[in-house]
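Start at 1 and go down the list; that is how both ligands and their atoms are numbered.
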Amino acid sequence: MQGDYYKTKESVEEYIQLAKDVNGKLLIEKLKQVVPSHSTILEIGSGPGTDWKILKQFYDVTGSDNSNEFLNHLVRNYPKGRFLELDATSLKTDMKFDGIYSNKVMHHLKGDELIDSAKRQNEILNSNGIICHSFWKGEGSEVFKGLFVNYHNVTTLTEVYTKYFDILSIEDYKEFDNNDSLLLIARKK
Ligand SMILES: C[S@@+](CC[C@H](N)C(=O)[O-])C[C@H]1O[C@@H](n2cnc3c(N)ncnc32)[C@H](O)[C@@H]1O
């Protein structure tokens, strides 16, 4: 669930400016330790395409988003790229992937949506497929710039993902402040 922030031209342009110096290079280094290069990767919530561009250097990557404004931006900037309109919860695609990656997207899902998304991710992964998702670390939830934000910790992530995945690691890392983020890496059961 989300408000309009990622959906209007003005706010998408604002977000692209605000996030221009942020990228998931270090997270993708972790992904590379468990998913061989040239594998097929789905990115959920590609947004401006910053991480998509890094993933593209190593993988056969498909970008996706549920915002038409971001999808238009992606297609305009990367005309040779493959992008799907996908919602993170329903993930309505017939494609299958070796890995699924997202960077600061899944925190927009409410508790039951995150569980439905985990089940669906299990279904669209090839056997032994890997997920790699980052989250804001903390307790509870809030609405920020009209967007729902659900904070997570090791316990909440373990509860959600254990049914469909073997958790390989849940590690703290620093996005802006020490230990403000968590990276989950898990393998399809
Ligand atoms: C913080 S940005 C991600 C930035 C991206 N990782 C990058 O490399 O630039 C969050 C993105 O998730 C998308 N998003 C939010 N909720 C979503 C949902 N339910 N399904 C799919 N995409 C979603 C937003 O439209 C936005 O593009």
**Asked** Is the Tyr15 ring parallel, tilted or perpendicular to the Tyr6 ring (thresholds 30°, 60°)?
**Response** perpendicular
**Request:** Please determine if Asp51 has a nitrogen or oxygen closer than 3.5 Å to a nitrogen or oxygen of ligand 1.
**Result:** yes
**Request:** Check whether any N or O atom of Asp65, backbone or side chain, sits under 3.5 Å from an N or O atom of ligand 1, and answer yes or no.
**Result:** yes
**Asked** Between Leu27 and Tyr173, is any pair of side-chain heavy atoms under 4.5 Å apart?
**Response** yes
**Request:** Could you tell me whether ligand 1 has any atom less than 4.0 Å away from a heavy atom of Ala19?
**Result:** no
**Prompt:** Is it true that Asp87 lies under 4.0 Å from ligand 1, counting heavy atoms only?
**Reply:** yes
**Asked** Does Lys110 make a cation-pi contact with Phe148 (under 6.0 Å, within 45 degrees of the axis)?
**Response** yes
**Prompt:** Roughly how far apart are Ile28 CD1 and Trp52 CH2, rounded to 0.5 Å?
**Reply:** 12.0 Å
**Proximity of Tyr15 to ligand 1 by residue part, where a heavy atom lies under 4.0 Å** = side chain
**Message:** I'd like to check which ligand 1 atoms, numbered from 1 as shown, lie under 4.0 Å from a non-hydrogen atom of Lys104.
**Reply:** 1 (C), 10 (C)
**Request:** Mark yes or no: Lys188 above the aromatic ring of Phe165, with NZ or CZ under 6.0 Å from the six-membered ring centre and no more than 45 degrees from the axis.
**Result:** no
**Asked** Near Gly47, which atoms of ligand 1 are under 4.0 Å from a heavy atom of that residue?
**Response** 27 (O)
**Element-labelled atoms of ligand 1 that are located less than 4.0 Å from some non-hydrogen atom of Ser67** = 25 (O)
**Electrostatic pair Asp180-Lys174, nearest N-O below 4.0 angstrom** = no
**Item:** Numbered atoms and elements of ligand 1 in range of Asn103, under 4.0 angstrom, heavy atoms
**Value:** 3 (C), 6 (N)
**Message:** Please confirm whether Pro48 approaches ligand 1 to less than 4.0 Å, judged on its heavy atoms.
**Reply:** yes
**Asked** Going by the order shown, which atoms of ligand 1 are within less than 4.0 Å of some heavy atom of Leu86?
**Response** 20 (N), 21 (C)
**Request:** Determine whether the side chain, the backbone, both or neither of Ser64 has a heavy atom under 4.0 Å from any heavy atom of ligand 1.
**Result:** neither
**Prompt:** What do you reckon, does Leu109 put a non-hydrogen atom under 4.0 Å from ligand 1?
**Reply:** yes
**Request:** Give a yes-or-no answer on whether the side chains of Gln121 and His133 include a donor-acceptor pair shorter than 3.5 Å.
**Result:** yes
**Prompt:** Should Asn23 be listed as contacting ligand 1, given a heavy-atom distance under 4.0 Å as the test?
**Reply:** no
**Asked** Measuring from the heavy atoms of Glu43, does anything fall under 4.0 Å of ligand 1?
**Response** yes
